[in-house]
2 protein chains.
Amino acid sequence: MGTKQFKGSPMEADLARADSLAREIFSDVANKWAFLIIEFLGDRTLRFSELRKEVEGISHKMLTQNLRMLERNGLVERNVHPTVPPRVEYTLTEAGQALRMTVDGMCGWTRRYLGHIEDSRRRFDA
Amino acid sequence: MGTKQFKGSPMEADLARADSLAREIFSDVANKWAFLIIEFLGDRTLRFSELRKEVEGISHKMLTQNLRMLERNGLVERNVHPTVPPRVEYTLTEAGQALRMTVDGMCGWTRRYLGHIEDSRRRFDA
DNA sequence: CGGTATCCCTGCAGATACTG
DNA sequence: CAGTATCTGCAGGGATACCG
């Protein structure tokens with residue numbers, strides 16, 4: 001993500017580390033399920049089963065996997081109520097909310113360019 | 001995304017169509033390679049081989065596939081110079097530039113929260 | 001040089017079943 | 001209800017080779 005200007009400097013090793021880490025985070029988070037979860041979660045608190053309904057088409061497994069990943073990266077907070085049956089609630093952390101801003105931006109972008117995109121596709125497919 | 005408030009209205013069918021299309025676009029574009037291509041392309045014009053060098057780790061196949069997808073959705077413009085050997089250049093369209101803004105946002109987000117994320121991971125992995 | 005086609009294999013993701 | 005584990009398939013994606 002643009003650290004080329006430091007090539008050869010003493011900081012290079014550190015920056016390379018940061019860069020590869022950034023790359024890794026990017027790979028983790030820049031996937032459609034993660035984005036959809038972040039978007040649907042918004043500023044609400046939702047249970048696992050609620051989230052599963054909101055994010056249509058996501059499987060039980062994908063939802064848990066992505067929630068674990070997001071939790072590990074500190075984007076969602078997981079709250080377990082020790083009741084029976086268990087009640088597990090998820091909310092976005094501050095970092096999660098911050099990322100949500102950019103995901104929102106992408107949603108807005110999709111709405112704004114929907115027409116352009118449809119047209120472009122028709123032209124391309126011909 | 002988020003048209004639930006119109007449920008039952010006459011517009012519902014259209015919105016459902018728009019929504020599922022938006023979903024599809026989201027799935028296309030919200031993947032790490034697309035993001036990295038958009039980010040590295042920036043406001044430059046790059047050849048296929050240059051792009052391949054910049055986006056480290058991307059295979060020939062993934063690069064072509066993603067470039068086709070981005071072209072189809074009207075995010076990149078492809079310019080073929082009929083010389084020999086061929087020279088093919090890629091640039092972001094206006095829609096592509098607009099999306100780049102949000103991708104930039106995500107890059108900024110990554111830099112800002114890198115520390116938080118590392119910490120969170122260490123805690124989680126323990 | 002850039003694109004397409006083919007082969008092949010890993011690993012993702014769905015389905016199912018079981019626990020606390 | 002939420003999570004984990006196991007099995008299985010099928011497709012995503014790498015490697016390779018060949019065209020324009």
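A, B, ... follow the sequence lines: proteins, then strands. Residue 1 opens every chain.
- Taking atom CZ of residue A:R87 and atom C1' of nucleotide D:dA2, one finds them 12 Å apart after rounding to whole Å.
- One interatomic measurement links the two molecules: NE2 of B:H60 to P of C:dT4, which rounds to 9 Å at whole-angstrom precision.
- When the options A:E54, A:E89, A:E50 are evaluated for a salt bridge (charged side-chain N to carboxylate O under 4.0 Å, His left out) with A:R44, the one that passes is A:E54.
- Contact check for B:W109 versus A:I25: side-chain heavy atoms found under the 4.5 Å cut-off.
- If you take CG of A:L51 and P of D:dA2, they are 10 Å apart, rounded to a whole angstrom.
- Distance, A:N66 CG to C:dC12 C1': 12 Å, rounded to whole Å.
- Rounded to an integer number of Å, the gap from A:E89 CD to D:dG3 P is 12 Å.
- Summary of the strand contacts: A:Y90 and B:Q65 both lie near DNA chain D, and taking for each the nucleotide with the nearest heavy atom, the more 5' one is attributed to A:Y90.
- Here the C1' atom of nucleotide C:dG2 and the CG atom of B:N79 are 14 Å apart, to the nearest Å.
- Atom-to-atom, CH2 of A:W33 to P of C:dG14 comes out at 7 Å; the value is rounded to the nearest Å.
- We find the CG-OG1 distance between A:N79 and A:T91 to be 6.5 Å, quoted to the nearest 0.5 Å.
- Counted by atom type alone, A:E94 and B:Y113 present one or more donor-acceptor pairs between their side chains at under 3.5 Å.
- Within the structure, every side-chain polar atom (N or O) of B:R78 is placed at least 4.0 Å from both OP1 and OP2 of C:dG2.
- Taking five base pairs at each end of the helix from C:dC1-D:dG20 to C:dG20-D:dC1 and finding the rotation axis that steps the C1' atoms of four pairs onto the next four gives two axes whose angle is 50°, to the nearest 10°.
- A straight line from CE of B:M69 to P of D:dG12 spans 13 Å, rounded to a whole angstrom.
- Here the nucleotide nearest the side chain of A:T64, chosen from C:dG2, D:dG3, C:dA13, is D:dG3.
- Here the CG-CG distance, from B:L99 to B:D104, works out to 9.5 Å after rounding to the nearest 0.5 Å.
- Under 4.0 angstrom from either OP1 or OP2 of C:dA13 there lies no side-chain N or O belonging to A:S59.
- An OP1 or OP2 oxygen of C:dG2 is reached within less than 4.0 angstrom by a side-chain nitrogen or oxygen of B:R47.
- Checking B:R100 against B:Q97 by side-chain atom types alone, a donor-acceptor pair falls below 3.5 Å.
- In terms of phosphate contacts, B:R68 brings a side-chain nitrogen or oxygen within less than 4.0 Å of OP1 or OP2 of C:dT4.
- Residue B:P86 has its side chain nearest to C:dG2 when only D:dA2, C:dG14, C:dG2 are considered.
- Using the six-membered ring where Trp is involved, A:Y90 and A:F48 have ring planes that are tilted, between 30° and 60° apart.
- Taking side-chain N and O atoms only, A:S49 has a distance below 4.0 Å to OP1 or OP2 of D:dA2.
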